[in-house]
Amino acid sequence: MKLTELADLYRRMLLIRRAEERLQKLFADGQVPGFLHLSIGQEAVPVGVSSALSDRDTVSSNHRGHGHTLAKGVDLTGFFAEILGKATGLCKGRGGSMHVADLSKGMLGANGIVGAGLPITTGSALAHKMQRQGHVAAVYFGDGALAEGVLHECLNIAKLWSLPILFVCENNGWSEFSPTDRQLATNLEKLGKAFAMKYRSVDGNVIADVAAAAGKLVGPMRRYPAPAILECRTTRVRGHYEGDRQDYRDAGEIAALEARDPIRLAAEALAEAGAAPDLIAGIAAEVDAEIEAAAEAALAAPLPKSADILADVYTPAEV
Amino acid sequence: MKLTELADLYRRMLLIRRAEERLQKLFADGQVPGFLHLSIGQEAVPVGVSSALSDRDTVSSNHRGHGHTLAKGVDLTGFFAEILGKATGLCKGRGGSMHVADLSKGMLGANGIVGAGLPITTGSALAHKMQRQGHVAAVYFGDGALAEGVLHECLNIAKLWSLPILFVCENNGWSEFSPTDRQLATNLEKLGKAFAMKYRSVDGNVIADVAAAAGKLVGPMRRYPAPAILECRTTRVRGHYEGDRQDYRDAGEIAALEARDPIRLAAEALAEAGAAPDLIAGIAAEVDAEIEAAAEAALAAPLPKSADILADVYTPAEV
Amino acid sequence: MTEIRYIKAVNQALWDAMEADPSVFLIGEDIGAAGGSFKATRDLLDRFGPERVYDTPISEAAIAGMAVGAALTGMRPVAEIMFMDFTTLTMDMLVNQAAKARSMFGGQGSVPMVLRTPHGGGLNAGPQHSQCLEAWFAHVPGLKVVCPANPADAYGLLRAAIDDPDPVIVVENKALYAMKGDLPDAPEARERIEIGKGRIVRPGHDATVVAYGAAVTMAEAAAANLAGEGIDVEVIDLRSLQPWDEGLVLESLSRTHNLVVAHEAVEAFGIGAEIAARMADIGFDELDGPITRVGAPFAPSPFGKTLEDAYRPNAERIEAALRRTLA
Amino acid sequence: MTEIRYIKAVNQALWDAMEADPSVFLIGEDIGAAGGSFKATRDLLDRFGPERVYDTPISEAAIAGMAVGAALTGMRPVAEIMFMDFTTLTMDMLVNQAAKARSMFGGQGSVPMVLRTPHGGGLNAGPQHSQCLEAWFAHVPGLKVVCPANPADAYGLLRAAIDDPDPVIVVENKALYAMKGDLPDAPEARERIEIGKGRIVRPGHDATVVAYGAAVTMAEAAAANLAGEGIDVEVIDLRSLQPWDEGLVLESLSRTHNLVVAHEAVEAFGIGAEIAARMADIGFDELDGPITRVGAPFAPSPFGKTLEDAYRPNAERIEAALRRTLA
Ligand SMILES: Cc1ncc(C[n+]2csc(CCOP(=O)(O)OP(=O)(O)O)c2C)c(N)n1
Ligand SMILES: Cc1ncc(C[n+]2csc(CCOP(=O)(O)OP(=O)(O)O)c2C)c(N)n1
Ligand SMILES: [Mg+2]
Ligand SMILES: [Mg+2]
């Protein structure tokens, strides 16, 4: 990978990290309504996957969707504003963290229902195939979601109809407060085999690996529609949601997280590829400024008007 | 297998066959309300499986459930009466062909919802495991049902919790009017492998094979609860339901059915095992008489009273 | 004009919509070569090919969910769920996804999907193949629900549903599939019916019966019977259940001062409850007598013939309800 | 007596029921070591072990379906669905299986299962984690539905639900989980509450407010406000939604002659519609004014604070509805 490319991916990952760290503080300050699921430790996955996607490609996401959303290139201020429940949010403050969407960027929404992104994205892939423009769809889901029946339905249909969809599993070993191995008698590799589906597993914390694998899987799909699975072994650093004290995790596991930090690994890779310390510091400064500006703008933005609760339930008739 | 045993299994298969042939005629005469899905050509499966089960073991079934029901030993007159919608039916005429049940025989019901028997039976197996009496549960489902997501959920949980359940798939190659290979990008063997589940495939039209496999799989479960899959390759001779002209099936396939007729194969096996022609004829005569008596009694039985529509919706409070 | 059956009107609407707009496609179980369990999609595979008519595995959640995703990606899917009872497997996709996407995404887009499904009894299909569950969907903000009572409406409401930018549940009635009616021969002359508007089927001034689906014909029969006694009943076909034509019902009530609501669904917590409740509020001053309702009793739809006949609403019960209101 | 929170009352009911009957067991997501998302099952794994408390994979359809099968095999499962919004994934099992088994099998057996699930807003949990869908279940013959409004009822209704031979949906209210109330210290003194019976929370003679769940406290506040103006409002807590206490409501109406129905669920096609419709029939002669309803507006539950506050019913809206009825 070229240095400029790697630097760009690093930048995107750092943006997600800093954005979530900002949200974490805002949450602690009582500024974020509702549940907040942070993806700290998982940033390489969406950045790597999105590096293979364009705005016309579609993705859908789950409850832990900030990274997926930002990596798809949505407006940062609108993103913050949405999570703060502001009128200027991407969804006018009606969705919040679990429902950020930006259809103009092909981001079909975070989702509060585990597994729900799967059929939605499968349908989006069907649309892409019918439209013959070479676009593809990607769906992010966690290892916990592997237990939902709808996964099975979608693997089957995607394979049967050769749909251009990338199933991206973020396997962080946890489903809320339970280790996923107590919830699953199978794994995605075995399921992929059962459906004769192309499957790759990567260290989801190594950006170059994720990007390379995503590129390899997505490229051919554009001309010869067919599904593929990308399983990313990754790490959930924070609790299931903010406020979760994680007393169910043992100290050893938590201590080991630091060494696998995707941001750190990406910075090391950058340095190894010959990046000057300046470059890395410069990126950090830029990102910080960008986050600060966006967060400030979002904080200053107005709350939605109460009178708007009935807006947008239905599409107004054209005039 | 001993001759007497084989003769007994043959007898049970023939009972199902003749019962359904009688129903077929009654349907043609306009005497059967609703949909009628016949299992002609599939009789060896439930008879073989039930040979490994007792009354305290539970089974649940699907829309094509006559064989499953009769093989579990339910009362024949009550069976006919139910399908004719009579007050004396096993379900007082409120269920019909798709809902025949006899809880006293561990028959938890035919089911009009494809795949619905799967979680119900998984739950029944959980109950058996908790009750520690060595009872097991078995669920019958078709190859078409393999596409329903709930299968995936149940395979996972059954394996994860080591539940004493036998998943019995009647693979007849059809899902209504479509060949199942156009609906599935996987098969049960592969799914079984994905869940590391014990799996056996048998010619579902050869009674000795089904019975032997069922016995082998069910036996150990009673002491060491664990799930297993039994896939039975079988043949749907009639249409999806009565009235279906089957113009979507080609002549070759239909012509080949005769040679695989499970009743015929069982009769041949009996003869080979040294049964006198008398024995076979005697069974036939007995079965015919039994069917005739049951059908006549059911035909003569009263219709349910209109006033009863509100009965049994809830369990009356104990006095 | 040609006389066609209700099911053929559905088929014609699908045909015309697919001719008119290449983004319309069909998805469902056995809807291709088999033409659907009730033949609503007959010949459409031949005409439009497998890239417009998708025969699916038995995966209802995926059918509904794929419709949502395709609709968000520029298509106009029309999904078929073989029996309304099986929509129980699609509720997350319809209620949490299709219904909410536009609103929870701040009005960014729409979900122009249609889900067709037949409800109702009369076929002795038993408790899992006869249910009328439309009240569930009418309770869900973001969904629209229509229920045509005759062939012309089956055509017109389905065309309007397919044109509609929002998700529409089109509830057809199995027992009406064989009903005959006229449809214009020229495609241009075949009309869409506006979603949200009801229709006065029979004017009258003594009482109003609000009905939909199979109950419309029953209400007409009840009205015809009472006409012999000099009781003049107005019959309204709602056509659309969400939104429903509150204005039309209120206007009628303000002329007749008596109201009966009739449908095939279970009475308790059914569609009729909302109509009645609303009129007991905004129409209270117009009411001369109790609002009565006719629906199925509180029991699963039974299988046997005598039982199902006793279970299903009919003209006699609507007549009795009218008499009680007018008493 | 000890003062405990609503969530603890749920926990105590589960504890006591499990102590009393070895066939009672729990099944749901993260209900074991984690004690449930809202801590309803805290300590129960420790006390009763993994053979009575089953932590499941994320498989809602299987959870509900397994409860049906276990109930048919002699057990008394109590399933937890983490948010009522996720019951959308369990509808086939609850509606086509649990609700119908007894009736469609001709009364051969019963399905003694309970499904507990929290509804309602107030946590800014957004459109997919706040819905009140109880009207769906109340429309389904064979199901019972209860909704406790305080800690004592949370205990008493859950115990009754677990004892009940038929499937009961116990709808808890998330915003009430922290509410405090008294529970007797001696297990024998802790009472079950009969399913199907409501309770007069506050007697009055000018108007009746029928409410349930979180709306009960709102109705009490509205009544207290109006009392200052000499308007004497009776408040009824339904407790049980299916069956509901028609007799109690009618009796109250025949004293007050004015009726308001209030709940947190969306107003249109909600529980209130049935109450109002029924009273507009059997209680018509008692009514002095329109029956008004208070519920959420016809929109998905919005996320943002200002929006959610504006969306949720409150005492002011109940007061306004009372004034409109009495006007
Ligand atoms: C249908 C459904 N069931 C349960 C939940 C509650 N829930 C939210 S996240 C979660 C665990 C998801 O684990 P995983 O898919 O591995 O994602 P992760 O949180 O690890 O990123 C659960 C059970 C839900 N939101 N939707
Ligand atoms: C949930 C659901 N979807 C669809 C149907 C309609 N249906 C009834 S039987 C059937 C095909 C089942 O095929 P299979 O499971 O192979 O059983 P077979 O009829 O071959 O015995 C379908 C689609 C249904 N009853 N339930
Ligand atoms: Mg995880
Ligand atoms: Mg089959």
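Quick note: numbers below take in every heavy atom, side chains included, and nothing from hydrogens, waters or symmetry partners. So you know, we letter chains A, B, ... as the sequences are listed, proteins then strands, and number each from 1.
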Heavy atoms only, distances under 4.5 angstrom: which of C/T87, C/V261, C/D281 has the most pairs with chain D? Name it, please. C/D281

C/E274 vs D/E274, side-chain contact (heavy atoms from CB on, under 4.5 Å): CA-CA, chis, key distance, verdict: CA-CA 7 Å; C/E274 178 67 22; D/E274 178 67 23; over 6 Å; no

The interface call for C/L259 against chain D, heavy-atom contacts under 4.5 Å, is neither

Contact class of C/I275 relative to chain D, heavy atoms under 4.5 angstrom: neither

Considering only heavy atoms, which portion of C/L307 lies under 4.5 Å from any heavy atom of chain D: side chain, backbone, both, or neither? neither

Would you indicate whether the side-chain heavy atoms of D/P141 and C/V266 approach each other to under 4.5 Å? yes

Any non-hydrogen side-chain atom of D/W136 less than 4.5 Å from a side-chain atom of C/V140? yes

Between atom CG of C/L89 and atom CG of D/L89, what is the distance when rounded to the nearest 0.5 Å? 10.0 Å

Quick one: what part of C/P302 sits under 4.5 Å from any heavy atom of chain D, side chain, backbone, both or neither? neither

D/I282, part contacting chain C, at a heavy-atom distance under 4.5 Å: neither

Could you check which of C/A61, C/G289, C/G270, C/A99 has the highest count of heavy-atom pairs closer than 4.5 Å to chain D? C/G289

Report yes if some heavy atom in the side chain of D/P127 is under 4.5 Å from a heavy atom in the side chain of C/M104; otherwise report no. yes

From D/R293 atom CZ to C/R278 atom CZ, the distance as rounded to the nearest 0.5 Å: 6.5 Å

Would you say the side chain of C/T292 lies within less than 4.5 Å of the side chain of D/F284, judging by non-hydrogen atoms? no

What's the verdict on side-chain contact (heavy atoms from CB on, under 4.5 Å) for D/M91 and C/T90, showing C-alpha distance, side-chain angles and the deciding distance? CA-CA 9 Å; D/M91 298 306 282; C/T90 68; over 6 Å; no

When C/Q128, C/Q97, C/E267 are compared by non-hydrogen pairs under 4.5 Å with chain D, the top option: C/Q128

Does D/F269 reach the side chain of C/Q242, with side-chain heavy atoms less than 4.5 Å apart? yes

Top of C/A296, C/G283, C/A138 for chain D proximity - count of heavy-atom pairs under 4.5 angstrom: C/A138

Among C/L94, C/N96, C/T88, side-chain contact (heavy atoms from CB on, under 4.5 Å) partner for D/T88: C/N96

Among D/A276, D/A277, D/A135, D/A299, who wins on heavy-atom pairs under 4.5 Å with chain C? D/A277

Is it the case that the side chain of D/H139 and the backbone of C/L133 share a donor-acceptor pair, with hydrogens and angles ignored and the cut-off at 3.5 Å? no

Would a 4.5 Å heavy-atom cut-off, applied to side chains only, mark C/Q131 and D/V95 as touching? yes

If I take atom CG from residue C/D85 and atom CG from residue D/D92, how far apart are they, to the nearest 0.5 angstrom? 9.5 Å

